[in-house]
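First the structure, which I've put down as structure tokens, then a few questions once you've had a look.
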Amino acid sequence: MTQKPPTPALRVPLLDLKPQYEAIAPRVRAVIEAVCASQQFILGPEVRTLEARIAAYSQCRRGVGVSSGTDALLLALMALGIGPGDSVITSPYTFFATAGTIARTGARPLFCDIEPDTFNLSAQAVREFLEQQCERRGGALVHRASGTRVKALMPVHLYGQVCPMEPLLALARESGLRVIEDAAQAIGARDAGAHQAGSLGDIGCFSFFPTKNLGAFGDAGLCVTQDEALAEHMEVLRVHGGKPKYHHAFIGGNFRIDELQAAVLNVKLDYLDDWSRRRAENARIYDAAFARAALGPKVITPIALPGFHHIYNQYVIRARRRDELREHLAAAGVGTEIYYPIPLHLQQCFAYLGHAAGDFPESERAARETLALPIYPELSPAQLHYVVESIEAFYAGSAAPGRP
Ligand SMILES: *Cc1c(COP(=O)(O)O)cnc(C)c1O
């Protein structure tokens, strides 16, 4: 008889939203009931409340609720008038939507490499790119190889840590570029100057996809800005560009957020800081356990920049033999994910950009080495220690810790 693999001693899913829901279910059900009773599903009072609250929370003047984080990025690009013949500088090591939305406007994504310690866009790489590959022609900054006008920077606050904005904002000022922050993973994160994610660029974009720290019951997103005129323009583009209704000076889209989603988010926003604090506590438990296990350099734990407030949407390690480790953890009952296995410059749909392997070595190395571990707020210390013990067991060459 073949031996059965041992039953995992514990199960640690990458994410389990049920305990969070159970804790707030009565309040959530009540607001859903209220929306049902009102039968007002489109851009009602819950949306207006959410827009005002997220704007205030993010140190911004205005918020515009939209249908997803992807649509937040698309709307931001459209509102800044970015389209065919233009280009936008961003990171190749991010979720697809960052560059996908740039391409969907007709503009060209221009990639610059990341910093290896934070995985965020490297201001140094952007500076070199601007100096070496772009030039002034008349009033425009032109990317020489493609002939496109460089219009904006789109840094991403990856995994819940703000991409240091000061050097990027300085470059944007020098070069006359707009700045869109992809803050999809970073609501509530702050830099060392206590600036909220999304508050420093022209427009900040949030996602409320269920896996984000503030998750809706489906798709939703929001744009924040300090600029009243931009906010109003986004509000018009959100409803097909019609203002007054049926009069279209602009071509927009249907980028509306649902009233039901806004109602759920208004409840959950009350808990966001507590949930993010518990994620950060879990990160500290991991950090300490990995330090005791002394697995470096086989495992490198994520860093928080000094003074930065990291909200740990993900806790992402670099690991030797990453793919084997992932299989070992799956057998031990531990869920993990690879964000992101293929950097965007190597995606088939972007072949027309003409990139090859080796163009952005840090992004490519991150894609090969990184692994996201479970970090959600309701995890117990026992579960976190079990994850680290399972990783120790892998590198010690022993089987997953389990019941005999
Ligand atoms: C989640 C995410 C998005 C897209 O948000 P959706 O709400 O899923 O459309 C964009 N950029 C980044 C970095 C993300 O993590």
Side-chain angles (χ1 to χ4, degrees), residues 14-15 17 50 54 63-78 88-105 109 111-112 114-115 118-121 152-163 165 168 179-189 197-198 201 203-224 238 253-258 260-262 264-265 268 272 276 279 302 310-316 337-345 347 350 363 366-367 370 372 375-376:
L14 181 67
L15 176 63
L17 291 168
L50 182 73
I54 300 275
V64 179
V66 294
S67 27
S68 69
T70 303
D71 286 343
L73 294 169
L74 185 60
L75 180 61
L77 289 157
M78 290 170 75
V88 178
I89 295 172
T90 192
S91 161
Y93 183 65
T94 174
F95 181 61
F96 179 75
T98 313
T101 50
I102 295 168
R104 283 172 64 197
T105 67
F111 295 119
C112 289
I114 57 168
E115 293 292 344
T118 60
F119 307 105
N120 278 327
L121 183 64
L153 299 179
M154 195 190 273
V156 184
H157 306 313
L158 205 67
Y159 302 145
Q161 173 155 245
V162 172
C163 176
M165 292 294 288
L168 292 172
V179 178
I180 298 170
E181 296 178 61
D182 183 343
Q185 301 181 4
I187 190 165
I203 302 174
C205 300
F206 297 120
S207 164
F208 306 127
F209 189 72
T211 62
K212 311 291 160 116
N213 286 31
L214 179 61
F217 283 13
D219 283 302
L222 195 130
C223 293
V224 288
R238 175 173 66 177
N254 174 358
F255 302 129
R256 291 183 298 256
I257 185 174
D258 285 329
L260 271 170
Q261 299 299 348
V264 171
L265 289 164
K268 293 181 85 173
L272 173 61
S276 293
R279 284 172 180 269
H310 192 325
I311 64 155
Y312 290 97
N313 179 244
Q314 302 295 343
Y315 185 92
V316 176
E337 187 55 272
I338 297 169
Y339 302 113
Y340 299 90
I342 305 173
L344 298 185
H345 66 288
Q347 295 288 349
F350 289 134
S363 297
T370 54
I375 190 71
Y376 64 90

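Sequential numbering from 1 along the given sequence is applied to the chain's residues. Both counts, for ligands and for their atoms, begin at 1 and track the order of listing. What you see below is based on every heavy atom in this structure, not just the backbone, and it leaves out hydrogens, waters and symmetry mates.
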The protein heavy atom nearest to atom 1 (C) of ligand 1 is Lys212 NZ, 1.5 Å
Atom 3 (C) of ligand 1: closest protein heavy atom, distance to 0.1 Å, is Phe95 CD2, 3.5 Å
At under 4.0 Å between heavy atoms, what of Leu158 touches ligand 1? The answer is neither
Note: Leu75 and Arg238 closest approach over all heavy atoms is CD1-N, 4.2 Å
* Mind checking whether Leu73 has an N or O less than 3.5 Å away from an N or O of ligand 1? -> no
> Is there any N or O on Ser207 that sits under 3.5 Å from an N or O of ligand 1?
Replying inline: yes
A student comparing Ala184, Ala183, Ala72 should find that the heavy atom closest to atom 12 (C) of ligand 1 comes from Ala184
In ligand 1, the atoms that come under 4.0 Å of a heavy atom of Thr94 are 13 (C)
Could you label the plane-to-plane angle of the Phe95 and Tyr340 rings as parallel, tilted or perpendicular, counting under 30° as parallel and over 60° as perpendicular? tilted
The atoms of ligand 1 lying under 4.0 Å from a heavy atom of Gln185, numbered in the order shown, are 13 (C), 14 (C), 15 (O)
- Message: Between Thr370 and Phe119, does the side-chain contact (heavy atoms from CB on, under 4.5 Å) criterion hold? Intermediate values first, please.
- Response: CA-CA 10 Å; Thr370 54; Phe119 307 105; 3.5 Å; yes
In ligand 1, the atoms that come under 4.0 Å of a heavy atom of Val156 are 13 (C)
Q) Are side-chain heavy atoms of Leu17 and Pro210 found at a separation under 4.5 Å? A) yes
Among non-hydrogen protein atoms, atom 9 (O) of ligand 1 lies closest to Thr70 OG1, 2.5 Å
TODO: Flag the pair Phe217 / Leu260 as yes when at least one side-chain heavy-atom distance between them is below 4.5 Å, and no otherwise.
DONE: no
shortest atom 13 (C) of ligand 1-to-protein heavy-atom contact is with Asp182 OD2, 3.4 Å
Test side-chain contact (heavy atoms from CB on, under 4.5 Å) on Ile257 and Leu265; report intermediate values, then the result. CA-CA 11 Å; Ile257 185 174; Leu265 289 164; 4.3 Å; yes
Between Asp182 and the options Thr90, Leu158, Thr98, the side-chain contact (heavy atoms from CB on, under 4.5 Å) test singles out Thr98
request  = Would you please test Phe208 and Lys268 for side-chain contact (heavy atoms from CB on, under 4.5 Å) and show each step?
outcome  = CA-CA 11 Å; Phe208 306 127; Lys268 293 181 85 173; over 6 Å; no
